[in-house]
Amino acid sequence: MSKFGITVIEHLLSQQRLHPEASGAFTYLLSELIVAAKIISKEARKAGLTNILGFTGDTNIQGEAVQKLDIFAHTTIIRRMSHLGQLCAMVSEESADIIKIPDKHDKGNYVLIFDPLDGSSNIDANVNIGTIFSVHKKISPGNEVTSTDVLQPGYKQVAAGYFLYGTSTMMVYTTGDGLHGFTLYPAVGEFLLSHPNIMIPEKGKIFSVNMGYSNYWDDNVRAVMDHFTKKDPEQGLPYSLRYIGSLVADFHRTLIYGGIFMYPPDRKDPKKRHGKLRLMCECAPLSMLVKQAGGMATDGETDILDIEPDEIHQRVPLYIGSKKDVETIMEILKK
Ligand code: FBP
């Protein structure tokens, strides 16, 4: 039977066999996260028909108005993952602090970090949205979880991925052995392998950024945009501009077609002086994925995976995508 079409669980088990020391705990953890994503996908698909569109009226730790589907996704993941006995803690974009595992449940050696619903500003307009996740191993001794277990640099992730709720529902993940994409086959309710060993083109033709902030950028950032919009057919310039405004969707397109996605720092909002996107639940997991696909990710100076987090909701600038395009950006930003 061809490789196409195996289920994600079969794939996880084949990945597990690559690690004879593996206990199966990680496979169990991801298989439950997949169930949570199927529930979120089902709810998102009928969003226009049920009372799940719009805002809850609350504001989250980021100062953003919370969408009903945000909270549905957040509570669904916590409910499914808390009782597994594989986690010692969780971090959600929607929670101010580390989410401890209730005492009534067994605890494990993994930390799950997630953005339950990325692109929430697009929910009501029926535009692609997603869930992003990152998994770390507990490093401190004893049962109690400490901030050192959570505040780990991206290169220490044992797995990362996202679910994309779009024309089809997809799962893209890595455990460090290549990057693989699966498509949910609604008729059987299974994620089937559709994109094995994803590799991003070395150089692209598309750049993705919210040009609406250009008046708030530093000159070196504007120089980057001048580069991608200048007329130079020999260099394949100008690039085409695409921007959905859902990180998962913009990243997925960049992964498949190549090119570059950027969220530079800007002076429009003091909170975004260091960019808008969250290091731990958005930038680090996507950076692990793009690296597995032969691409690169930087904050303009440092590889995103080498940044030591100071706090769980830390924001960083993000330049992610095809290797040659990221290298070009770092050259320009250095000037
Ligand atoms: P959340 O929806 O998880 O808060 O993510 C932030 C986000 O919506 C990203 O998905 C997207 O890339 C970015 O913000 C869009 O920001 P802006 O509207 O400033 O361009």
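This one's a predicted model, so the numbers in the text were calculated from it and none came from an experiment. For this chain, numbers begin at 1 and follow the sequence in order. Side-chain atoms are counted along with the backbone in the values below, which use heavy atoms only and exclude waters and symmetry mates. Read the numbers this way: they start at 1 and go in the same order the structure lists the ligands and their atoms.
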Self-check item: Residue and atom name of the nearest protein heavy atom (relative to atom 11 (C) of ligand 1), distance in Å to one decimal
Solution: Gly245 O, 3.3 Å
Quiz item: For ligand 1, which atoms, with element, lie under 4.0 Å from some heavy atom of Tyr263?
Solution: 16 (O), 17 (P), 19 (O), 20 (O)
Practice problem: Decide, yes or no, whether a salt bridge links Glu202 with Lys323 under the criterion of side-chain N to carboxylate O below 4.0 Å. | Solution: no
Quiz item: More than 12 heavy atoms of other residues, nucleotides or ligands under 6.0 Å from CG of Asp218: is that the case?
Solution: yes
Quiz prompt | Any donor-acceptor N or O pair under 3.5 Å, side chains Arg242, Thr254 | solution = no
Quiz item: ligand 1 and Lys276, any nitrogen or oxygen pair closer than 3.5 angstrom?
Solution: yes
Quiz item: Would you say Leu277 and ligand 1 have an N/O pair spaced under 3.5 Å apart?
Solution: no
Quiz item: Which atoms of ligand 1 sit under 4.0 Å from any heavy atom of Tyr243?
Solution: 15 (C), 16 (O), 17 (P), 20 (O)
Practice problem: Below 4.0 angstrom from a heavy atom of Arg278, which ligand 1 atoms are there? Numbered from 1 as shown, please. | Solution: 1 (P), 3 (O), 4 (O), 5 (O), 6 (C)
Quiz prompt | Contact partition for Ser120 relative to ligand 1, non-hydrogen atoms under 4.0 Å | solution = both
Quiz item: Can you find a heavy atom in the side chain of Thr7 that is under 4.5 Å from one in the side chain of Val188?
Solution: no
Quiz item: Side chains of Tyr239 and Asp325: do they bring a donor and an acceptor to under 3.5 Å?
Solution: yes
Practice problem: Distance to 0.1 Å, residue and atom name: give those for the protein heavy atom nearest to atom 2 (O) of ligand 1. | Solution: Gly119 N, 2.8 Å
Quiz prompt | Sub-3.5 Å N/O-N/O distance, Ser121 and ligand 1 | solution = no
Self-check item: Atoms of ligand 1, numbered as shown, that sit under 4.0 Å from any heavy atom of Ser246
Solution: 10 (O)
Quiz item: Under the side chain to side chain contact (heavy atoms under 4.5 Å, CB included) test, which residues partner Asp303, sequence neighbours left out?
Solution: Lys291, Leu305, Asp306
Quiz item: Between Thr183 and Ser168, is any pair of side-chain heavy atoms under 4.5 Å apart?
Solution: yes
Quiz item: Can you find a non-hydrogen atom of Leu117 under 4.0 Å from ligand 1?
Solution: yes
Quiz item: If you measure every N/O of Leu247 against every N/O of ligand 1, is any gap under 3.5 Å?
Solution: yes
Quiz item: What residue pairs, at least two apart or across chains, pass ring-ring contact (aromatic ring centres under 6.0 Å, His included) with a residue in residues 112-154?
Solution: Phe133-Phe163
Quiz item: Taking the minimum heavy-atom distance to atom 9 (C) of ligand 1, which of Val248, Val66, Asp118 ranks first?
Solution: Asp118
Quiz item: Salt bridge between Lys335 and Glu331, side-chain N to carboxylate O under 4.0 Å?
Solution: no
Quiz item: Hey, which atoms in ligand 1 end up nearer than 4.0 Å to a heavy atom of Asp115?
Solution: 3 (O)
Quiz item: Using the benzene-type ring in the case of Trp, are the ring centres of His180 and His11 under 6.0 Å apart?
Solution: yes
Exercise. Check each atom of ligand 1 against the heavy atoms of Asn210 and keep those under 4.0 Å away; list them by number with element.
Key: 17 (P), 20 (O)
